[in-house]
Amino acid sequence: MLQVSYIRDNREQVLERLAVKNFKQPELVSEVIELDDKRRSTQTTLDNTSAEANAAAKQIGELMRTGKKEDAEALKVKTSVWKEDIKRLNEQLNAIEEELQQKLVLLPNLPHSSVPKGLTPEENEVVLENGAKPALPENALPHWELAAKYNLIDFELGVKITGAGFPVYKNKGAKLQRALINYFIDEAEKAGYSEVSVPLMVNEASGFGTGQLPDKEGQMYFVGEDKLYLIPTAEVPVTNIYRDVILKGEDLPVKNCGHTPCFRREAGSYGAHVRGLNRLHQFDKVEIVQIAHPDKSYEVLEQMSLHVQGLLQKLGLPYRVLRLCGGDMGFASALTYDMETWSAAQQRWLEVSSVSNFETFQSNRLKLRFRNAEGKTQLAHTLNGSALALPRIVATLLENNQTDKGIKIPDALVPYTRFEWID
RNA sequence: GGAGAGAUGGCAGAGUGGUCGAUUGCGGCGGUCUUGAAAACCGUUGACUGUUAAAGGUCCGGGGGUUCGAAUCCCUCUCUCUCCGCCA
């Protein structure tokens, strides 16, 4: 959520930045400012009336105590007018504030100055490409066929138990999941992140805090009876640890990592590109989250990007880094890097990580603040990234490392899998 | 699922109609003392809004009501805890 005071002071810049995100309702900006003007004037009137009423109430108490009952009664009569005014003004104020809030939550975050204009994924900027794309033999298989050939993943069984997009991992396929999770967590801890293990369901307040609610309800599974949402990413519970928290300046940056399954309805996404592990309703992911000082958050973003890249390098996977264009960015993000690995058998790039700086967009909703050098409270910046999401890593590992002898496990992972080959 | 208790400042915990944004303790910060630290002692210490700064206003789980005046009384919702039952 954007701060009203910022919108007021930087109206033109806000409009210009929203255009980069192809925001369709720029008129909301003026409406928000107008409502805030109304809010302020109503608030001032209410405050002044309350001040008079408070003074009178105090005076009545004084008169009662000193036995001047008649004077007190006279004053009581006068207060009835204020009382009505206060009630009416309060109702007005609540209505204005509610309307203001409703419009405010419709405004997406402002993109960073480095974000390219653009509407579609094709307009994302390739920041860098790293690692050689492997040349596979003629008879190379896509991962879903490899998964069947080596009995690693049973998609049909998942359909029986739950439905499409809920695969069953078996044998070395299952062990590979655990190995990757442990490997990613260990690497995150080496980089200074402390591990947390968090609930997989969250309440409405948490969903609002990180920006999934109110408008992205359709993407989350909802347990209606208890009004809880299955998390689409660990970002939600991990970041919400710090909801309504005022951190000390010296606590920054806060660094947390955690593994969770992630649940996504993925309503409306069907077709060839969802085959196999490419798009699932349930998958495992290790997430890294940082809460940073506003002056440092872009340094932190680069550092997080390098951490993710380091993982891909150690796994020997060719990858590229994209800076998302305005149209492809998430609602809450100010700058997002996507990391994609090259899937040699599918001959396409697969997104395996997304690293974002949300600046104060989330922290304003979360009321996540820190005490700055002047001792005043100030909104912190929040960042997060996948490090990494498993399914597409598994897909590229299987595809890119296939040989006549079987599938070669990267050296970095062998201590975790305790096998070198899937054969 | 049944029964009961509770929700107050970072934490603990007072406060049953006026001078209460709130006693006190712990914690935090500053100081005295000390070579330094601890202890002891002294002082200080909520958030939001508003203003150049003040003043003022709001907040004792949320919402509503009674009253000139509510942390305190009434209604309602939510959440938490304890015991019993069930269960990993």
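Chain letters run A, B, ... following the sequence lines, proteins first, then strands; residues in each count from 1.
With both ends at atom P, the span from B/A5 to B/U76 equals 15 Å, rounded to whole Å. Across the C1' atoms, B/U16 and B/C60 are found 14 Å apart, a figure rounded to whole Å. B/U24 sits 7 Å from B/A14 when the C1' atoms are compared, rounded to a whole Å. A gap of 15 Å separates the P atoms of B/C11 and B/G62, to the nearest Å. Here the separation of B/G9 from B/G21, taken at their C1' atoms, is 9 Å to the nearest Å. Atom name C1', nucleotides B/G50 and B/G57: the rounded distance is 8 Å, in whole Å. Straight-line distance between the P atoms of B/U44 and B/C48: roughly 22 Å, to the nearest whole Å. Spacing of C1' atoms, B/A55 relative to B/U66, comes out at 31 Å, to the nearest Å.
Not one side-chain nitrogen or oxygen of A/Lys87 sits closer than 4.0 Å to the OP1 or OP2 atom of B/G64. The phosphate of B/C48 (OP1 or OP2) has a side-chain N or O of A/Arg369 nearer than 4.0 angstrom. Proximity of A/Asn54 to the phosphate of B/G57: a side-chain N or O atom is located under 4.0 Å from OP1 or OP2. A/Arg39 has no side-chain polar atom (N or O) that falls below the 4.0 Å cut-off from OP1 or OP2 of B/G57.
Distance A/Glu84 CD to B/C68 P: 12 Å, rounded to the nearest Å. Note: CZ (A/Arg371) to P (B/U45) measures 13 Å, nearest angstrom. Distance A/Glu52 CD to B/A55 C1': 14 Å, rounded to the nearest Å. Rounding to whole angstrom units, CD of residue A/Gln43 and P of B/U58 are separated by 9 Å. For A/Asn203 and B/C77, the CG to P distance is 20 Å, given to the nearest whole Å. The nearest whole Å value for the distance from the CZ atom in A/Arg8 to the P atom in B/U51 is 9 Å. Going from atom CG of A/Asp36 over to atom C1' of B/U49 covers 12 Å, rounded to whole Å. Atoms CG (A/Asn94) and P (B/G63) sit 8 Å apart, rounded to a whole Å.
Using a 4.0 Å heavy-atom cutoff across all strands shown, A/Asn48 reaches no nucleic acid atom at all. Here A/Ala56 lies out of heavy-atom contact (under 4.0 Å) with every strand. At the heavy-atom level, A/Ile60 lies under 4.0 Å from base atoms of the strands shown. Among the protein residues, A/Lys367 comes within range of no part of the nucleic acid, since none of its heavy atoms lies under 4.0 Å from any strand. Counting any heavy atom pair closer than 4.0 Å across all strands shown, A/Thr377 reaches sugar-phosphate atoms only and no base atom.
Of the possible donor and acceptor atoms, none in the side chain of A/Asn364 sits under 3.5 Å from a partner among the backbone N and O of A/Thr360.
More than 12 non-hydrogen atoms from other residues, nucleotides or ligands lie less than 6.0 angstrom from CD of A/Gln101. Dense packing is recorded around NZ of A/Lys216, with more than 12 heavy atoms of other residues, nucleotides or ligands lying under 6.0 Å away.
If you check B/G21 for Watson-Crick or wobble pairing at under 3.5 angstrom, you find it has no partner at all. The partner of B/C60 is absent, by the rule that a Watson-Crick or G-U pair needs both atom distances under 3.5 Å. Using the Watson-Crick or G-U wobble rule with both distances under 3.5 Å, B/A7 pairs with B/U78. For B/C41, the paired base is B/G31 (Watson-Crick or G-U wobble, both distances below 3.5 Å).
With distances taken from any side-chain atom of A/Arg40 to the nucleotides B/G57, B/A47, B/G50, the minimum falls on B/G50.
Atom OH of A/Tyr193 sits about 4.5 Å away from atom CE of A/Met304, to the nearest 0.5 Å. Note that the NZ atom of A/Lys172 and the CG atom of A/Asp423 stand 5.0 Å from one another [nearest 0.5 Å].
A salt bridge links A/Glu287 with A/Lys285; the closest basic N to acidic carboxylate O contact falls under 4.0 Å.
In terms of position on RNA chain B, the residue among A/Lys248 and A/Thr79 whose nearest nucleotide sits closer to the 5' end is A/Lys248.
Each of A/Gln309, A/Gln303, A/Glu302 was compared with A/Ser305 under the side chain to side chain donor-acceptor pair (under 3.5 Å) criterion, and only A/Gln309 meets it.
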